[in-house]
Amino acid sequence: ALGLIGASLNMQDACDKYWDEVGSRSKSKHAKAETKSVLADLVLHYGADVTLISITAVDVNKAIQSKRAAPVIRRKT
């Protein structure tokens, strides 16, 4: 059943669903901001319309390497 869900679920819809069901319920402003940032990174990296089932282990490894190579921006809290 999970494969059938993933076959039609795209990255944007998955991130929106995660936000609605998990991220928006965080009590901490910092946690909410961090979750929004991570979800936005996923959409930016993979593309909004890519289906979850089409993402391979190689794609995930590329995303990890890209994130590791990106500069860390520290924000004042």
Side-chain angles (χ1 to χ4, degrees):
L2 184 58
L4 296 176
I5 292 169
S8 62
L9 190 62
N10 69 34
M11 182 59 70
Q12 185 66 61
D13 291 342
C15 288
D16 289 346
K17 183 171 179 58
Y18 186 87
W19 175 255
D20 291 343
E21 294 186 17
V22 179
S24 67
R25 293 186 165 99
S26 293
K27 294 180 182 175
S28 158
K29 286 182 183 181
H30 175 74
K32 283 183 179 182
E34 184 67 20
T35 300
K36 278 186 180 182
S37 176
V38 169
L39 295 173
D41 284 349
L42 287 170
V43 171
L44 184 64
H45 181 81
Y46 291 108
D49 295 327
V50 70
T51 55
L52 296 185
I53 201 165
S54 70
I55 298 172
T56 66
V58 172
D59 296 327
V60 173
N61 285 331
K62 286 179 183 177
I64 291 167
Q65 294 305 316
S66 175
K67 190 66 175 172
R68 284 182 180 160
V72 175
I73 299 171
R74 305 237 186 251
R75 297 182 185 145
K76 292 183 180 181
T77 55

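These figures come from a predicted structure and were not determined experimentally. Residues take their numbers from the sequence shown, with the count starting at 1.
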Which atom pair, heavy atoms only, marks the closest approach of Ala14 to Leu52?
CB-CD1, 3.6 Å
Look at the side-chain heavy atoms of Ile, Leu, Val, Met, Phe, Trp and Tyr, link any pair under 4.5 Å apart, and say whether Leu42 and Val22 land in one connected group.
yes
Closest heavy-atom pair and its distance - Val60, Tyr46:
CA-OH, 3.4 Å
Where Val43 and Cys15 come nearest, the two heavy atoms and their spacing:
CG2-SG, 3.9 Å
What is the distance from atom CG of Asp49 to atom CG of Asp13, rounded to the nearest 0.5 Å?
8.5 Å
Can you tell me how far OG1 of Thr56 sits from NZ of Lys62, rounded to the nearest 0.5 angstrom?
7.5 Å
Hydrophobic cluster membership, Ile64 vs Ile55, 4.5 Å side-chain cutoff:
yes
Any non-hydrogen side-chain atom of Thr35 less than 4.5 Å from a side-chain atom of Val38?
no
With a sphere of 6.0 Å drawn around NZ of Lys32, does it hold more than 12 non-hydrogen atoms of other residues, nucleotides or ligands?
yes
At their closest point, which heavy atom of Asp59 faces which heavy atom of Ser54, and how far apart are they?
OD2-O, 3.6 Å
Please collect all side chain to side chain donor-acceptor pair (under 3.5 Å) contacts where either partner lies in residues 16-25, sequence neighbours excluded, each pair once.
Gln12-Asp16, Lys17-Glu21
Here the pair of heavy atoms bringing Met11 nearest to Gly47 is CB-O, 3.3 Å
